[in-house]
Amino acid sequence: MPIPQGIPNCPPGLEYLTAIDQLLVHQKVELLEAFTGFETANKYTIKNTLGQKVYWAMEDTGCCNRMCCGAARAFDMKILDTFQNEVLHFNRPLRCSSCWFPCCLQTMEVTAPPGNVIGYVEQDWSILTPQFSIKDQNGDTVLKISGPFCTFSICGDVEFEVLSTNGTQVGKISKQWSGLGREMFTDADHFGINFPMDLDVRVKATLLGALFLIDYMFFEKSGNKEQDRPGMF
């Protein structure tokens, strides 16, 4: 699929996002982590519905950060195009996610090109289900995300609904069941994300950032041990 050219108000490198309404995100299996439990930096391939690689995602963190903080770790995530140029950058600071700490919930800054803020992902306080706000570069809420009460994957997909500000579902982020062996012994997950074709490309990029934040919060295993819990406790 050719990359659209000359699109106004589109950060360079994100033109491809203007022509699609779905992406697939596959985390690479790290054998060292699978066999030893030693936490390694996550790597992902981002594909279109035909299975063609569109972008690569690479976590940028230190070893001590990964081992000491586990899934709660702060990280920078670089999104590279097919020419290995960084076109998108996600930054997650070290914060809490439990409803017991309402003043220090999760957040992520999205920049494209790196250094130019285009959006934010912010966790909303809730007790029963995961809730997030997708905000534009001015801090205004443009979309909401609502997750299930239990995010533990048991032979099926786990879906987070993408909602408009009036509560209408316009898309979803799905953690896809990837097989018993992969689910039990690794934290290399498969995700899908759907959004409206005509959605602002900067909001699409911010939703992609929300996918990675959700992966770390609910599906990243420390030492390959499942740590899911009901609600947001």
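Note that the structure is a prediction, hence the values are computed from the model and not measured. In what follows, every heavy atom counts, from backbone to side chain, and hydrogens, waters and symmetry copies are set aside.
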Heavy-atom pair of closest approach, residues [X] and [Y]:
{"X": "Ala205", "Y": "Val110", "answer": "O-CG1, 4.3 Å"}
{"X": "Val87", "Y": "Ala112", "answer": "O-CB, 3.4 Å"}
{"X": "Lys204", "Y": "Leu17", "answer": "NZ-O, 2.7 Å"}
{"X": "Phe149", "Y": "Leu128", "answer": "CD1-O, 3.1 Å"}
{"X": "Gly192", "Y": "Leu24", "answer": "CA-CD2, 4.3 Å"}
{"X": "Val54", "Y": "Asn48", "answer": "CG2-N, 3.7 Å"}

Any donor-acceptor pair under 3.5 Å linking the side-chain atoms of [Y] with those of [X]?
{"X": "Thr107", "Y": "Glu109", "value": "no"}
{"X": "Asn116", "Y": "Gln137", "value": "no"}
{"X": "Asp124", "Y": "Ser126", "value": "no"}
{"X": "Gln106", "Y": "Ser97", "value": "no"}
{"X": "Lys144", "Y": "Ser133", "value": "yes"}

Other cluster members, Val117 - Ile/Leu/Val/Met/Phe/Trp/Tyr, side-chain contacts below 4.5 Å: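 In the cluster with Val117 are Tyr120.
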Would you give the length of the straight line joining atom [atom1] of [X] to atom [atom2] of [Y], rounded to the nearest 0.5 angstrom?
{"X": "Arg92", "Y": "Thr61", "atom1": "CZ", "atom2": "OG1", "result": "11.0 Å"}
{"X": "Leu23", "Y": "Ile193", "atom1": "CG", "atom2": "CD1", "result": "7.0 Å"}
{"X": "Leu213", "Y": "Leu207", "atom1": "CG", "atom2": "CG", "result": "12.0 Å"}
{"X": "Thr18", "Y": "Met197", "atom1": "OG1", "atom2": "CE", "result": "9.0 Å"}

Do any pairs count as a ring pair (Phe, Tyr, Trp, His ring centres under 6.0 Å) and have a residue in residues 191-213, sequence neighbours left out, and if so which ones?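 Non-adjacent pairs meeting ring pair (Phe, Tyr, Trp, His ring centres under 6.0 Å): Tyr44-Phe212, Phe90-Phe212, Phe191-Phe219.
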Is Arg73 salt-bridged to Glu59, cutoff N-O under 4.0 Å?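 A salt bridge is present here (some side-chain N lies under 4.0 Å from a carboxylate O).
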Test: Lys172 and Glu159 ion pair at under 4.0 Å: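 Looking at Glu159 together with Lys172, the answer is yes, because their closest N to O distance falls below 4.0 Å.
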